[in-house]
There are 2 protein chains.
Amino acid sequence: MVTIADVAKAAGVSKGTVSSVFSKKRPISKEVTQRVLKAAEELNYRPNYWARSLVNRKTNIIGLNMRSEKMPLDAFQHELLDGMMEVCYEHGYRILINILQPSLLKQVELIASDPVDGEILLDPIHDDPRIEDRLKRHVPIVVVGRPSGELAGQVCSVDNDNIAAAAKSVRLLLTQGHRRILFLNSAKDRTVAEDRELGYYLAHREAGVDPVAGLILNKPDDDGTSIRFGYETTLQMLREHAGISAILADNESMAMGIYQAAEELGLHIPGDFSVIAFSGGEHFPPAMHPPLTGMRLDARTIGMEAARLLIEQVTAGAAGVKRILLPSELVERGSCACTH
Amino acid sequence: MVTIADVAKAAGVSKGTVSSVFSKKRPISKEVTQRVLKAAEELNYRPNYWARSLVNRKTNIIGLNMRSEKMPLDAFQHELLDGMMEVCYEHGYRILINILQPSLLKQVELIASDPVDGEILLDPIHDDPRIEDRLKRHVPIVVVGRPSGELAGQVCSVDNDNIAAAAKSVRLLLTQGHRRILFLNSAKDRTVAEDRELGYYLAHREAGVDPVAGLILNKPDDDGTSIRFGYETTLQMLREHAGISAILADNESMAMGIYQAAEELGLHIPGDFSVIAFSGGEHFPPAMHPPLTGMRLDARTIGMEAARLLIEQVTAGAAGVKRILLPSELVERGSCACTH
DNA sequence: ATTTTTAACAAAACCGGTTTAATGTAGGAC
DNA sequence: GTCCTACATTAAACCGGTTTTGTTAAAAAT
């Protein structure tokens, strides 16, 4: 490996001089500058990233921390990553994807502080230990989702307004005359599931409708694909419960499962029942048949906002604790219709 | 920041002793070990990742290097990333996503060597300067795709057998009676485009059919989305050229554009013309209408193989130059049919 | 002409770890 | 009792950069 000392020797100057030539933080004569640049060029010298980070206390890397069980990434996470990338790209930051086996985390090699300037945390759970750890070590973080309890007031976060989003979609279905609305919700321990359930009830109360019990089902804890859960649950619930005329799905994969189930049962969407889903992107819903009506969550914007917030925190020092709530847009496409 | 010196002072020992307690590379008495661990615990000490990397010359990070214009990531890249993540997860490696603005790359801050043990390079072009650079600096790399020219013999690579894949899909169309097959190929400078074009011609020759000139179009250099390119090109070509009865698309997004164009023109797939596409995942093609017939490229496996190959290189030192070619599977779903 | 300032560079200290060489101390062999 | 060895620990050197301090010679000020 070519070091700064090699360059210095080749150019007949000291290490500090070479450093100054590159950083331009102190004046170096034109003649010496030329000599150094030539030597560096010839030796194919590249400054060592880690040595520099060590002294600068800055890596220009931000981490994306997700719970390890979540693999592979779903549409929402991919869109979010895209958004993060776009902002990081503009600001000269790189992204470190941080998923490690819990077993490996115990190894000495890896308990080290993460090599990042800050982190974006996904899928917070109740009293998430990751958040407490970062707070204690003063590592800047932005949480995507709703941090629970007293942590909420201490960290920046970006999230959909899930309560409003769920309420808005249920409101649509209620005004269309649906009274038994099946809700295939996400896993129970996630704060997002709580929020959406709340929205579901809220819309019912507003409309003066008593929600039918047993129609909210949580996806079992992150095992199995969403598409299968949507498929199997729909088959089962439509058989067992009469009168279900609409289904609200947690994501577009579930909706695909629902579509498959409809086809198998010989049912027509939206003639026989309506479907509406929270969707991570607007890439695929329009291509479905019929085009899927949904709440556009805009994971991409969330990723962008989270990255902006984090970079702001990292560069400008500690800004205040901000919480950004993004509205979701209801996009009617063709999978919802009035009853009778 | 709590350093190793702080811990040493608190425990009343030297820095080296603390280091040994953590690394267990030299024997430390039980009593001292306890004292050190207690002090570290109380101070909430975490070893500094950069300092450690500096001396160990090892980061346990591998880089994913993609050409900056490619944003956001397409389905293929997302799947590939998933595969990489899975393997890295098992082996205790992190992934650094490396996309930087060309303008920023010139800044002194960023010309530094990348902070990784090795890199996976995407979308190689002719005499890719990235490859030459890594070779010169002896940074282990694995190329996803086909490195061009003399570089091919010097680096590991993982790729679809694109020639075979293209040939196989064109062969299907030819046996179905199609004679004017429009091929919406990817950008011209990419080696993958060459390979697939070769496959296109190969299948024609095998079948004794003279390919019609002007039916292979390359996507303009990575600007604009694939979906739009598919849409606009289809509209234009179907108007201008009579007799086109089948379209081969570079990816599923293009296929969606083609579907949209068909709808706008009031044409029926596969009744009026057939569509077949290279597809990164098997997530969405089945949900399209009609379900999209395609060559399943299995980006996930490519990602896994690339990561394995790279980690092998990084840990075991220089292994031989390997090239892994993965077969693609033709999945017939419903967007292709015989002519007349 | 002498002192003061400035420019341009060298030398050394530092960042926070790891590793090697040196040191001291206890136990065993003679 | 002396010498050697083994063991636990310390001090110092090192990784590859940046930054501070020191030094020298020329330019400017008095």
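Predicted model, so just to flag it, every value in this text is computed and none were measured. Below, chain A is the first sequence line, B the second, and so on; all start at residue 1.
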Test log, rule salt bridge (Lys or Arg N to Asp or Glu O under 4.0 Å), inputs B:Asp133 and A:Arg46: CA-CA 11 Å; B:Asp133 178 70; A:Arg46 295 294 166 88; 3.0 Å; yes

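- The pair B:Glu312-B:Lys322 counts as a salt bridge, with a side-chain nitrogen and a carboxylate oxygen less than 4.0 angstrom apart.
- The interatomic distance linking B:Arg46 (CZ) with C:dG17 (P) rounds to 12 Å, in whole Å.
- Applying the side-chain hydrogen bond (donor to acceptor under 3.5 Å, both in side chains) test to B:Thr301 and every residue at least two apart in sequence or in another chain returns B:Asp298.
- Atom CG in A:Asn56 sits roughly 14 Å away from atom C1' in C:dG16 (whole-Å rounding).
- Listed by chain and residue number, A:Ile61, A:Arg94, A:Leu96, B:Ile61, B:Pro115, B:Val116 satisfy the side-chain contact (heavy atoms from CB on, under 4.5 Å) test with B:Leu96 (two or more places apart in sequence, or in another chain).
- Here C:dT18 presents its P atom at 14 Å from NZ of B:Lys24, a figure rounded to the nearest Å.
- Remark: P of C:dG16 and CG of A:Asn48 are 17 Å apart, rounded to the nearest angstrom.
- With sequence neighbours excluded, the residues that form a side-chain contact (heavy atoms from CB on, under 4.5 Å) with A:Arg323 are A:Arg146, A:Pro147, A:Ser157, A:Asp159, A:Leu325.
- Between B:Arg52 and C:dG16 there is no side-chain N or O to OP1 or OP2 distance below 4.0 Å.
- For B:Met1 and C:dC14, the CE to C1' distance is 15 Å, given to the nearest whole Å.
- Listed by chain and number, the residues in a salt bridge (charged side-chain N to carboxylate O under 4.0 Å, His left out) with B:Lys9 amount to none (sequence neighbours excluded).
- Contacts of A:Val139 classified as side-chain contact (heavy atoms from CB on, under 4.5 Å), with partners at least two apart in sequence or in another chain: A:Arg134, A:Arg137.
- Using a 4.0 Å cut-off on heavy atoms, the residues of residues 3-16 of chain A that approach DNA chain D are A:Thr3, A:Ile4, A:Lys15, A:Gly16, listed by number.
- What separates CZ of A:Arg26 from C1' of D:dT20 is a distance of 9 Å, to the nearest Å.
- Legend: residues meeting side-chain hydrogen bond (donor to acceptor under 3.5 Å, both in side chains) with B:Thr17, ordered by chain and number and at least two apart, are B:Ser14.
- Within 4.0 Å (heavy atoms only), A:Arg57 reaches sugar-phosphate atoms of the nucleic acid but no base atom.
- In this structure, B:Lys58 places its NZ atom 14 Å from P of C:dT19, rounding to the nearest Å.
- Using a 4.0 Å cut-off between charged side-chain N and carboxylate O, B:Lys188 and B:Glu194 make no salt bridge.
- Note that the two end axes of the helix from C:dA1-D:dT30 to C:dC30-D:dG1 enclose an angle of 60°, each drawn from 5 base pairs, rounded to 10 degrees.
- The nucleotide whose nearest atom lies closest to any side-chain atom of A:Leu54 is, among D:dT19, C:dC15, C:dT19, C:dC15.
- At C:dG17, none of the side-chain N or O atoms of B:Ser19 fall inside 4.0 Å of OP1 or OP2 (strictly under the cut-off).
- In this structure, the side-chain contact (heavy atoms from CB on, under 4.5 Å) partners of A:Ser148, at least two apart in sequence or on a different chain, are A:His126, A:Asp127, A:Thr191.
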Scan the side chains in residues 32-43 of chain A for donor-acceptor partners under 3.5 Å anywhere in the protein, sequence neighbours excluded, and list what turns up.
residue: A:Thr33; atom: OG1; partner: A:Ser29; partner atom: O; Å: 2.9
residue: A:Arg35; atom: NE; partner: A:Ala11; partner atom: O; Å: 2.9
residue: A:Arg35; atom: NH2; partner: A:Ala11; partner atom: O; Å: 3.2

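- DNA chain D lies under 4.0 Å from no heavy atom of any residue of residues 27-43 of chain A.
- Side-chain nitrogen and oxygen atoms of B:Tyr49 include none within less than 4.0 Å of the OP1 or OP2 phosphate oxygen of C:dT18.
- Here C:dG17 presents its P atom at 10 Å from CH2 of B:Trp50, a figure rounded to the nearest Å.
- By the side-chain hydrogen bond (donor to acceptor under 3.5 Å, both in side chains) test, B:Thr59 is found to be paired with B:Asp117, residues two or more places apart in sequence or in another chain being considered.
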